[in-house]
Amino acid sequence: QVQLVESGGGLVQAGGSLRLSCAASGRTVSSYALGWFRQAPGKERELAAAINWRGSSTYYADSVKGRFTISRDNAKNTVYLQMNSLKPEETAVYYCAAARMTTGRALDYDYWGQGTQVTVSS
């Protein structure tokens with residue numbers, strides 16, 4: 001079992017930055033790929049970024065490339081999402097998730113956090 005707890009969400013003005021954190025627990029969490037998804041009201045959940053278990057490979061949605069950075073610290077069992085130049089349309093609940101392999105498909109992720117709200121004001 002893997003437990004995930006997100007933090008760091010909040011209200012930010014357009015163009016601002018936020019750093020999300022996800023604390024993971026579980027005996028083998030360091031062997032999992034980790035991803036950050038987001039879901040806006042009335043929209044499907046989408047992957048923003050993912051990172052492999054070692055932290056050597058990352059994936060970003062086209063919409064966030066150059067603005068978001070995913071990283072992980074396996075010693076702390078924590079994954080981060082640094083979000084810069086935020087846009088109002090990126091207002092959503094952001095979820096941390098764990099999968100056995102690095103993938104962009106939500107259905108491949110076995111474990112999910114409860115989510116953290118990010119609101120970007122215009």
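Quick caveat, the model's predicted, so the values are computed rather than measured. Numbers here simply count residues along the sequence, with the first being 1.
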Whether the side chain of [X] engages the backbone of [Y] through a donor-acceptor N/O pair (distance < 3.5 Å, no angle test) should be reported.
X	Y	value
Asn52	Ser57	yes
Arg67	Ser85	yes
Thr91	Glu89	no

[X]-[Y] co-clustered via ILVMFWY side chain contacts under 4.5 Å:
X	Y	result
Tyr94	Tyr60	yes
Tyr95	Leu34	no
Trp112	Tyr59	yes
Leu18	Ile51	yes

[Y] and [X], any side-chain heavy atoms less than 4.5 Å apart:
X	Y	value
Glu6	Ser21	no
Val12	Thr119	no
Glu90	Val64	yes
Val120	Lys87	no
Tyr111	Gln1	yes
Met83	Leu20	yes
Asp108	Met101	yes

**Item:** Worked check of side-chain contact (heavy atoms from CB on, under 4.5 Å) between Trp53 and Thr102
**Value:** CA-CA 8 Å; Trp53 70 271; Thr102 309; over 6 Å; no
**Request:** Starting from the C-alpha separation in whole Å, work towards a yes-or-no answer on side-chain contact (heavy atoms from CB on, under 4.5 Å) for Arg38 and Val93.
**Result:** CA-CA 5 Å; Arg38 60 189 183 184; Val93 177; over 6 Å; no
**Request:** Answer yes or no on whether Arg19 is positioned over the face of Tyr80, meaning its NZ or CZ is under 6.0 Å from the six-membered ring centre and within 45° of the axis.
**Result:** yes
**Asked** Looking only at heavy atoms, what is the nearest atom pair of Cys96 and Leu4, with distance?
**Response** O-CD1, 3.6 Å
**Heavy-atom pair of closest approach, residues Ala92 and Gln39** = CB-O, 3.4 Å
Report the distance from atom [atom1] of [X] to atom [atom2] of [Y], rounding to the nearest 0.5 Å.
X	Y	atom1	atom2	result
Leu11	Gln117	CG	CD	9.5 Å
Gln82	Ser71	CD	OG	8.5 Å
Ser30	Arg72	OG	CZ	7.0 Å
Gln114	Ser7	CD	OG	9.0 Å

**Short side-chain donor-acceptor distance under 3.5 Å, Gln13 and Ser121** = no
**Prompt:** Can you find a side-chain donor-acceptor pair between Asp73 and Thr78 that sits under 3.5 Å?
**Reply:** no
**Request:** Give me the one residue out of Val2, Asn74, Val79 that meets side-chain contact (heavy atoms from CB on, under 4.5 Å) with Val29.
**Result:** Val2
**is_close_aromatic(Phe37, Tyr109), centroid dist under 6.0 Å** = yes
**Message:** Before we go on, tell me: are the rings of Trp36 and Phe68 under 6.0 Å apart, centre to centre?
**Reply:** no
